[in-house]
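First the structure, in the form of C-alpha coordinates, and then the observations on it.
Values below: every heavy atom of this structure, side chains too, minus hydrogens, waters and symmetry copies.
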Amino acid sequence: MSLLSSGNPNVCTSTPNLVINGDPVVWDDTKQLTLTQTLMYALTSKLDVLTSFSGSYKRSEYMDYFTLEPKSESKTQFDSVWLGLNYRGDRIGELVPMLTLQAALYQRENALRQSKNFSFKSYSIKGSCIYLYRHKDRQPMSINF
(Lines give C-alpha, C1' and ligand atoms only; values in the text may rest on other atoms or scores of the structure.)
Protein backbone atom coordinates (compact mmCIF):
# COMPACT_ATOMS: atom_id res chain seq x y z
CA MET A 1 0.00 0.00 0.00
CA SER A 2 1.30 3.48 -0.77
CA LEU A 3 0.00 6.93 0.09
CA LEU A 4 1.04 10.01 -1.85
CA SER A 5 0.25 13.65 -1.22
CA SER A 6 1.90 15.67 -3.95
CA GLY A 7 1.09 19.21 -2.85
CA ASN A 8 0.74 20.07 -6.54
CA PRO A 9 -1.36 19.04 -9.56
CA ASN A 10 0.98 16.26 -10.74
CA VAL A 11 0.98 12.74 -9.35
CA CYS A 12 3.99 10.52 -10.01
CA THR A 13 4.12 6.93 -8.80
CA SER A 14 6.09 3.84 -9.68
CA THR A 15 5.88 0.18 -8.67
CA PRO A 16 5.99 -1.77 -10.83
CA ASN A 17 4.79 0.77 -13.40
CA LEU A 18 5.50 4.47 -13.82
CA VAL A 19 2.48 6.79 -13.80
CA ILE A 20 2.63 10.55 -14.34
CA ASN A 21 -0.70 12.34 -14.21
CA GLY A 22 -0.89 16.02 -15.12
CA ASP A 23 -3.88 18.28 -15.71
CA PRO A 24 -4.28 21.87 -16.96
CA VAL A 25 -6.77 22.63 -14.15
CA VAL A 26 -5.22 24.60 -11.30
CA TRP A 27 -5.29 22.01 -8.52
CA ASP A 28 -4.11 22.83 -5.01
CA ASP A 29 -3.25 19.28 -3.97
CA THR A 30 -3.62 15.70 -5.08
CA LYS A 31 -3.75 12.79 -2.64
CA GLN A 32 -3.63 9.20 -3.85
CA LEU A 33 -3.90 5.92 -1.95
CA THR A 34 -2.84 2.84 -3.94
CA LEU A 35 -3.36 -0.75 -2.84
CA THR A 36 -1.37 -3.45 -4.63
CA GLN A 37 -1.63 -7.19 -3.95
CA THR A 38 0.93 -9.62 -5.37
CA LEU A 39 0.33 -13.38 -5.38
CA MET A 40 3.04 -15.97 -6.09
CA TYR A 41 2.67 -19.66 -6.89
CA ALA A 42 5.69 -22.00 -7.03
CA LEU A 43 5.80 -24.02 -10.25
CA THR A 44 9.17 -25.63 -9.43
CA SER A 45 11.84 -25.13 -6.78
CA LYS A 46 13.35 -22.34 -8.94
CA LEU A 47 10.40 -20.89 -10.87
CA ASP A 48 7.34 -18.99 -9.60
CA VAL A 49 4.43 -17.47 -11.45
CA LEU A 50 3.26 -14.18 -9.99
CA THR A 51 0.37 -11.84 -10.53
CA SER A 52 -0.18 -8.35 -9.20
CA PHE A 53 -3.43 -6.35 -8.91
CA SER A 54 -3.61 -2.63 -8.21
CA GLY A 55 -6.39 -0.19 -7.38
CA SER A 56 -6.40 3.41 -6.20
CA TYR A 57 -8.38 6.19 -4.58
CA LYS A 58 -7.47 9.69 -5.76
CA ARG A 59 -8.65 13.02 -4.33
CA SER A 60 -7.83 16.24 -6.17
CA GLU A 61 -8.41 19.49 -4.27
CA TYR A 62 -8.88 22.93 -5.80
CA MET A 63 -10.33 26.38 -5.13
CA ASP A 64 -13.52 27.46 -6.90
CA TYR A 65 -12.54 30.88 -8.22
CA PHE A 66 -16.17 32.03 -8.52
CA THR A 67 -17.22 31.28 -4.91
CA LEU A 68 -13.71 31.08 -3.34
CA GLU A 69 -14.72 27.83 -1.63
CA PRO A 70 -12.44 24.80 -1.48
CA LYS A 71 -13.70 21.88 -3.59
CA SER A 72 -12.51 18.42 -4.46
CA GLU A 73 -13.00 15.57 -6.90
CA SER A 74 -12.58 11.94 -5.88
CA LYS A 75 -12.10 8.86 -7.99
CA THR A 76 -11.75 5.17 -7.15
CA GLN A 77 -10.55 2.84 -9.88
CA PHE A 78 -9.00 -0.51 -10.72
CA ASP A 79 -5.57 0.35 -12.17
CA SER A 80 -3.70 -2.70 -13.40
CA VAL A 81 -3.13 -6.45 -13.59
CA TRP A 82 0.40 -7.76 -14.09
CA LEU A 83 1.49 -11.33 -14.81
CA GLY A 84 5.05 -12.60 -14.63
CA LEU A 85 7.68 -15.16 -13.72
CA ASN A 86 10.26 -15.16 -10.95
CA TYR A 87 13.39 -17.31 -11.42
CA ARG A 88 15.81 -18.14 -8.58
CA GLY A 89 19.34 -19.03 -9.71
CA ASP A 90 21.82 -21.34 -8.05
CA ARG A 91 23.33 -20.17 -4.79
CA ILE A 92 26.62 -18.26 -5.10
CA GLY A 93 28.20 -18.34 -1.66
CA GLU A 94 25.68 -16.61 0.59
CA LEU A 95 23.78 -14.99 -2.34
CA VAL A 96 20.80 -16.34 -4.29
CA PRO A 97 20.28 -14.34 -7.53
CA MET A 98 16.72 -13.81 -8.77
CA LEU A 99 15.27 -12.48 -12.01
CA THR A 100 11.67 -11.25 -12.28
CA LEU A 101 9.93 -10.58 -15.61
CA GLN A 102 6.43 -9.06 -15.74
CA ALA A 103 3.96 -7.78 -18.35
CA ALA A 104 0.88 -5.62 -17.81
CA LEU A 105 -2.18 -7.58 -18.94
CA TYR A 106 -4.34 -4.53 -18.21
CA GLN A 107 -3.32 -1.00 -17.32
CA ARG A 108 -5.37 2.19 -17.02
CA GLU A 109 -3.70 5.57 -17.53
CA ASN A 110 -5.27 8.98 -16.84
CA ALA A 111 -4.17 12.34 -18.24
CA LEU A 112 -5.97 15.56 -19.17
CA ARG A 113 -9.29 14.24 -17.79
CA GLN A 114 -9.16 11.26 -20.14
CA SER A 115 -8.72 7.61 -19.28
CA LYS A 116 -7.21 4.99 -21.60
CA ASN A 117 -6.82 1.26 -21.13
CA PHE A 118 -3.81 -0.65 -22.44
CA SER A 119 -2.84 -4.30 -22.73
CA PHE A 120 0.74 -5.58 -23.10
CA LYS A 121 2.20 -2.06 -23.41
CA SER A 122 4.25 -2.09 -20.18
CA TYR A 123 6.94 -4.56 -19.15
CA SER A 124 9.19 -4.90 -16.14
CA ILE A 125 12.47 -6.73 -15.52
CA LYS A 126 14.11 -6.77 -12.09
CA GLY A 127 17.23 -8.44 -10.80
CA SER A 128 17.76 -9.04 -7.11
CA CYS A 129 19.79 -11.11 -4.67
CA ILE A 130 18.87 -12.61 -1.35
CA TYR A 131 21.69 -12.58 1.16
CA LEU A 132 21.43 -15.78 3.21
CA TYR A 133 23.48 -14.71 6.21
CA ARG A 134 21.50 -16.03 9.14
CA HIS A 135 21.86 -14.95 12.71
CA LYS A 136 19.62 -16.17 15.49
CA ASP A 137 17.89 -12.75 15.64
CA ARG A 138 17.85 -11.84 11.91
CA GLN A 139 15.94 -12.88 8.83
CA PRO A 140 17.45 -13.18 5.30
CA MET A 141 18.03 -9.82 3.62
CA SER A 142 17.02 -8.95 0.03
CA ILE A 143 19.12 -6.65 -2.17
CA ASN A 144 17.51 -5.27 -5.37
CA PHE A 145 19.28 -3.81 -8.39
Side-chain angles (χ1 to χ4, degrees), residues 1-67 69-133 138-145:
M1 179 167 56
S2 66
L3 177 62
L4 174 72
S5 179
S6 67
N8 65 55
N10 297 313
V11 176
C12 303
T13 62
S14 64
T15 324
N17 52 337
L18 175 66
V19 178
I20 301 173
N21 295 330
D23 204 319
V25 174
V26 181
W27 300 102
D28 290 331
D29 193 8
T30 301
K31 295 175 175 67
Q32 181 169 321
L33 175 70
T34 303
L35 180 63
T36 303
Q37 177 67 49
T38 301
L39 305 171
M40 294 180 74
Y41 178 77
L43 297 175
T44 68
S45 63
K46 293 185 176 266
L47 188 64
D48 303 321
V49 64
L50 58 98
T51 184
S52 180
F53 305 91
S54 178
S56 64
Y57 169 79
K58 181 178 173 183
R59 178 184 167 106
S60 299
E61 300 170 347
Y62 63 97
M63 181 71 71
D64 184 332
Y65 290 105
F66 297 110
T67 64
E69 293 180 9
K71 296 208 173 186
S72 66
E73 291 180 9
S74 298
K75 183 185 217 179
T76 303
Q77 68 181 22
F78 182 74
D79 295 322
S80 64
V81 176
W82 289 72
L83 182 66
L85 295 171
N86 184 54
Y87 176 76
R88 284 179 300 284
D90 293 329
R91 185 174 166 174
I92 304 168
E94 300 296 318
L95 297 175
V96 177
M98 293 193 314
L99 182 65
T100 304
L101 304 168
Q102 289 182 280
L105 300 179
Y106 168 83
Q107 191 171 19
R108 176 177 291 157
E109 297 291 339
N110 299 305
L112 303 175
R113 295 190 179 255
Q114 293 182 1
S115 180
K116 292 200 176 194
N117 300 326
F118 298 97
S119 294
F120 296 103
K121 298 286 184 182
S122 295
Y123 303 92
S124 171
I125 183 170
K126 179 177 89 170
S128 60
C129 287
I130 294 179
Y131 180 59
L132 293 178
Y133 173 77
R138 296 188 183 172
Q139 296 296 320
M141 179 175 61
S142 177
I143 302 168
N144 296 316
F145 55 89

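- In this structure the side chain of Leu83 reaches within 4.5 angstrom of the side chain of Val49, judged on heavy atoms.
- In this structure, SG on Cys129 lies 10.5 Å from CG on Leu99, to the nearest 0.5 angstrom.
- Taking all atoms of both residues into account, the shortest heavy-atom contact from Val96 to Gly89 is CG1-O, 3.8 Å.
- By the 4.5 Å heavy-atom criterion applied to side chains, Lys31 and Glu61 are counted as neighbours.
- Side-chain polar atoms of Gln32 and Thr34 form a donor-acceptor pair below 3.5 angstrom.
- Looking only at side-chain heavy atoms (C-beta outward), Asn86 and Leu47 stay at 4.5 Å or farther from each other.
- For the atom pair CG of Asp48 and CG of Leu43, the computed distance is 7.0 Å after rounding to the nearest 0.5 Å.
- Ser56 contributes no side-chain N or O that, together with a main-chain N or O of Leu33, makes up a donor-acceptor pair within less than 3.5 Å.
- Scanning both residues, Ser52 and Gln102, for their nearest heavy atoms gives CB-NE2, 4.3 Å.
- A heavy-atom distance below 4.5 Å is found between the side chains of Phe53 and Leu39.
- Residue Arg108 holds its CZ atom at 13.5 Å from NZ of Lys116, rounded to the nearest 0.5 Å.
- Met40 CE to Leu85 CG: the interatomic distance, rounded to the nearest 0.5 Å, is 10.0 Å.
- Trp82 places none of its side-chain heavy atoms less than 4.5 Å from the side chain of Ser54.
- Taking OH from Tyr62 and OG from Ser72, the interatomic distance works out to 7.5 Å, rounded to the nearest 0.5 Å.
- Expressed to the nearest 0.5 Å, how far CG of Leu105 lies from OG of Ser119 amounts to 7.5 Å.
- More than 12 heavy atoms of other residues, nucleotides or ligands lie within 6.0 Å of NZ in Lys46, so this atom counts as buried by the packing criterion.
- Remark: side-chain polar atoms of Ser80 are not paired, donor with acceptor, to backbone N or O of Tyr106 under 3.5 angstrom.
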